[in-house]
Amino acid sequence: MHAEDAAQMFDDIARLLEFRGENPFKIRAYDNAARTLRELDEPIDALIAEDRLEDLPGIGTAIAQKIIDLATTGCVPLYERLISETPIGVVDLLRVPGLGPKRARAAYDTLGIDSLDALKEAAADGSLARVAGFGDKMSTTVLANVDRVKAYAGQFLGVEAREVAELLTARLQETDAASTVVAAGGARRRAETVRRIVLVAAGKQPAAIVDAFVGLAAVHQVVERNAGWARVQLTGGLGAELHAVTERAFPFTLLEQTGNTTHWTALQAVADSQGQVLTSQGIVDANGTSIDCGDEPAVYSALGLSWVPPEAREGRGEVDAAVTGTLPELVRLGDIKGVVHCHTTWSDGRASVDAMARAAIERGYKYMVICDHGPSSGGPNGDELLEQREEIEEVDRAVVDFNVLAGIEVDILKDGRLDLPDAALAELDCVVAAVHSHFGLSRDEQTERYCRAIANPHVDILGHPTGRQLLARSPVDIDMARVLDAVVEHKVAIEINGQPKRLDLGWRWHRPALERGVKFVIAPDAHGPETIDYLVHGIAMARKGGLTGNDILNTLPVEAFRAAFKKR
DNA sequence: GCCGTTTTCGGCCCGACTGTTTTCAGTCG
């Protein structure tokens, strides 16, 4: 089990209790437990196995038992009871941003609103605006957010889906029914969000693989199945499908199921232009002879193409590039030398400067840039900044063959000023500027705000540029073309933030940025030693965007990295 | 519901923001 699963459940319990108007301190206890679980730096299964749950802050007998119940039986009586006793649909209401338990309760009590549709209707016809705690503005916000919540339903973070897919793959492999199992679909393409998991498996008897698949413990319900295919619902809400084929058909089916559709049809068009027919079962040439391919690269090769990495298979010209052999050499994790944008206990990080640096050293990196928040997001200010600076220099001196740089993640305020004075920023090695508030400004205001911050001579990197949170918060409304022009003009790099919920700047903007000459930094936005590894998600995003190591500043050695910011 | 005890119950994090208010409540991180 993932700690996040339990954290999510405690969030839900807290919101449901709040809706029912129960003891606020009990509610806070569940919130605290959820936070503790999210900050966990080791697998929760280990804590359960070693009976150490109650050692965690905020987790006592009752909550520990609920975690154990969830992990072992998947059923937590309190949670089940709250869900069954709460009007259907209210749970959905609580997911609408801006609509907390209090307002949801008021809407339910006065207008009997118990579903997203009812909420939308009341917001549209003006009745919601008359409920205490609402107003015209609130109604408008709700109206917009309901549609978003509905659009997000049934979607999952790509990073989470990928973990589930890997687990399923391993379980299916263990059954011995399949010789090969690979997770395909959006998870393999490293899509930011996915609707379902797609597995492709090969074996002598495909039907036996399907049997094994539908029998896995994680399968909640079989939706549809036949001898070579099955679609199921997993516990936890994700859908999954399996394509079971012979070993001969495997590379072709894997290719088709990795997608996307545009990529696949482009491949079929290439085959067609050569008098061949490409299907999920194989390639047949003009003479009607099947061409055997042992693996996916062999299929591309048979079509006269260079191999296209799964991340790039989005139907955006990569097949044409494969024809002419002009696919870029995509950046790899091994290219990264420095870990930029790391938080510590000086703001909301969970580990000291020393612990973070050592974690980076263990992973083979050569330098780290500590970027705690500025004062308006709870980071150091005034003398504290100097103290932190001293601590960073101390650690820098203590470590061998590694550099620790002093940076900051300053807040971009509403008007585009930063939350630290220029004199303080001038002392730092690297300044990341990012937006953490006022997400709803108009396009003009927001763009002006961004451009003003970018123009500050001390800003080196624009952090999580759109502020989006996948499946939760839309990107800010900015004129991206103007922002990209501004970062080029002021020699500011764009961050590719590797947090699974952010993945910001998203890959669709990478090419327009690249064409303007933008440089990037791939950063984990780490808040603890483990999350340094969020770099892998940033790398995946950059690869989707078609970026090479040359486009990424933190592939440079530390001297060159510093020099890249010597514009000041 | 958790925690730290002055061991058997009383106190529990907080600041920013937003919108609804006319001095504040709800939400969010």
Side-chain angles (χ1 to χ4, degrees), chain A residues 6-7 9-39 53-69 76-79 81-82 93-110 123 128-145 149 343 347-350 372-379 381 409 411-415 419 434-442 445-446 449 464 467-469 472-474 476 499 501-502 525 527:
Chain A
M9 179 186 69
F10 290 134
D11 278 345
D12 289 348
I13 289 177
R15 298 291 77 75
L16 289 168
L17 289 173
E18 211 170 345
F19 180 80
R20 294 157 63 110
E22 302 220 14
N23 178 356
F25 294 109
K26 187 194 267 195
I27 294 160
R28 184 180 297 171
Y30 284 108
D31 281 330
N32 290 342
R35 186 175 340 118
T36 293
L37 289 171
R38 291 202 165 93
E39 290 176 356
L53 283 174
E54 290 185 48
D55 294 349
L56 298 173
I59 295 187
T61 337
I63 288 185
Q65 188 56 50
K66 289 180 177 69
I67 295 172
I68 293 167
D69 286 347
V76 177
L78 170 69
Y79 181 62
R81 187 166 63 77
L82 287 172
L93 297 184
L94 296 173
R95 284 207 303 271
V96 178
L99 201 64
K102 295 276 163 56
R103 289 198 184 105
R105 180 89 226 184
Y108 176 72
D109 285 343
T110 53
L128 188 66
R130 292 192 295 273
V131 176
F134 291 87
D136 287 337
K137 194 84 183 268
M138 205 62 223
S139 288
T140 317
T141 313
V142 163
L143 201 54
N145 287 343
V149 168
H343 294 263
S347 65
D348 58 352
R350 296 184 294 280
D372 274 301
H373 285 288
S376 62
S377 286
N381 197 358
E409 182 188 13
D411 258 27
I412 299 175
L413 303 174
K414 186 180 179 185
D415 60 1
D419 74 335
V435 158
H436 295 101
S437 63
H438 302 97
F439 300 104
L441 300 182
S442 72
E445 286 173 308
Q446 198 71 275
R449 174 195 195 191
H464 43 75
R468 74 173 179 183
Q469 295 211 334
R473 186 170 69 211
S474 301
V476 292
Q499 285 204 21
K501 275 188 174 175
R502 292 191 182 272
D525 196 354
H527 285 69

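Atoms considered below: every heavy atom in the structure, side chains included; atoms not considered: hydrogens, waters and symmetry mates. Only a predicted model underlies this, so the values are computations on that prediction, with no experimental measurement involved. First the proteins, then the strands, lettered A, B, ... as listed; each starts at 1.
Counting to the nearest Å, the P atom of B:dT18 and the CG atom of A:Leu441 are 8 Å from each other. Rounded to whole angstrom, the span from the CZ atom of A:Phe134 across to the P atom of B:dG26 amounts to 11 Å. Between A:Arg38 atom CZ and B:dC28 atom P the separation is 14 Å, expressed in whole Å. We find that CD of A:Gln469 is positioned 11 Å from C1' of B:dC28, with the value rounded to whole Å. The separation between A:Ile63 atom CD1 and B:dC12 atom C1' is 14 Å, rounded to whole Å. Protein atom CG of A:Leu53 is 16 Å distant from nucleotide atom P of B:dG1, rounded to whole Å. For the pair A:Lys66 NZ and B:dC2 C1', the computed distance is 12 Å after rounding to whole Å. Protein atom CG of A:Asn145 is 15 Å distant from nucleotide atom C1' of B:dG26, rounded to whole Å.
Looking at which nucleotide of DNA chain B each of A:Glu18 and A:Met138 is closest to, the 5′-most match is held by A:Met138. Residue-to-nucleotide proximity on DNA chain B shows that, of A:Val131 and A:Ser437, the 5′-proximal contact is made by A:Ser437.
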Practice task
Report the C-alpha distance between A:His438 and A:Glu445 in whole Å, list the side-chain angles of each, state the deciding distance to 0.1 Å, and finish with yes or no for side chain to side chain donor-acceptor pair (under 3.5 Å).
Solution key: CA-CA 10 Å; A:His438 302 97; A:Glu445 286 173 308; over 6 Å; no
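Spacing of C1' atoms, B:dT21 relative to B:dT8, comes out at 44 Å, to the nearest Å. Comparing B:dG1 with B:dT6, their C1' atoms are spaced 23 Å from each other, to the whole Å. Taking atom C1' on both B:dC12 and B:dT5, the two are 14 Å apart, rounded to the nearest angstrom. Distance noted for atom C1' between B:dC13 and B:dG29: 12 Å (whole Å). Between B:dC28 and B:dT22, the two P atoms lie 23 Å apart (nearest whole Å). If you take atom C1' in B:dC14 and the same atom in B:dT7, they sit 30 Å apart, rounded to whole Å. For the C1' atoms, the distance from B:dC9 to B:dG15 is 30 Å, rounded to whole Å. Remark: the separation of the P atoms in B:dT18 and B:dG11 is 35 Å, to the nearest Å.
Among the protein residues, A:Pro57 comes within range of the sugar-phosphate backbone only, with heavy atoms under 4.0 Å from sugar or phosphate atoms but none that close to a base. Within the 4.0 angstrom heavy-atom criterion, no nucleotide atom of any strand lies near A:Ile27. Contact annotation for A:Asp411: no contact, since no heavy-atom pair falls under 4.0 Å across all strands. Residue A:Asn32 is classed as having no contact, given no heavy-atom separation below 4.0 Å to the nucleic acid. Within 4.0 Å (heavy atoms only), A:Thr61 reaches sugar-phosphate atoms of the nucleic acid but no base atom. If you check every strand for non-hydrogen atoms under 4.0 Å, A:Leu56 touches sugar and phosphate atoms only.
Among the nucleotides B:dC2, B:dG26, B:dC28, the one closest to any side-chain atom of A:Pro97 is B:dC28. Of the candidates B:dG1, B:dG19, B:dG26, the closest approach to any side-chain atom of A:Lys137 belongs to B:dG19. Comparing B:dG1, B:dG26, B:dC13 by their nearest atom to the side chain of A:Arg35 picks out B:dC13. Nearest to the side chain of A:Pro101, among B:dG1, B:dG19, B:dT27, sits B:dT27.
When all heavy atoms of A:Arg473 and A:Gly467 are compared, the closest pair comes out as NH2-O, 2.9 Å. Nearest approach of A:Pro57 to A:Thr36, heavy atoms of both residues: O-OG1, 2.8 Å. The shortest non-hydrogen separation linking A:Leu53 to A:Ile68 is CD1-CG1, 3.8 Å. Between A:Ser347 and A:His373 the shortest heavy-atom distance is OG-N, 3.3 Å.
Using a cut-off of 4.0 Å between Lys/Arg side-chain N and Asp/Glu carboxylate O, A:Asp11 and A:Arg35 are scored as not salt-bridged.
Between the side chain of A:Asn145 and the backbone N or O of A:Pro97, at least one donor-acceptor pair lies under 3.5 Å.
Glycosidic conformation of B:dT7: syn, with the torsion inside 90° of 0.
OP1 or OP2 of B:dT18 has at least one side-chain nitrogen or oxygen of A:His438 nearer than 4.0 Å. Close to B:dG1, at under 4.0 Å from its OP1 or OP2, lies no side-chain N or O of A:Arg28.
Across all strands shown, nothing is found opposite B:dT8 as a Watson-Crick or G-U wobble partner with both distances under 3.5 Å.
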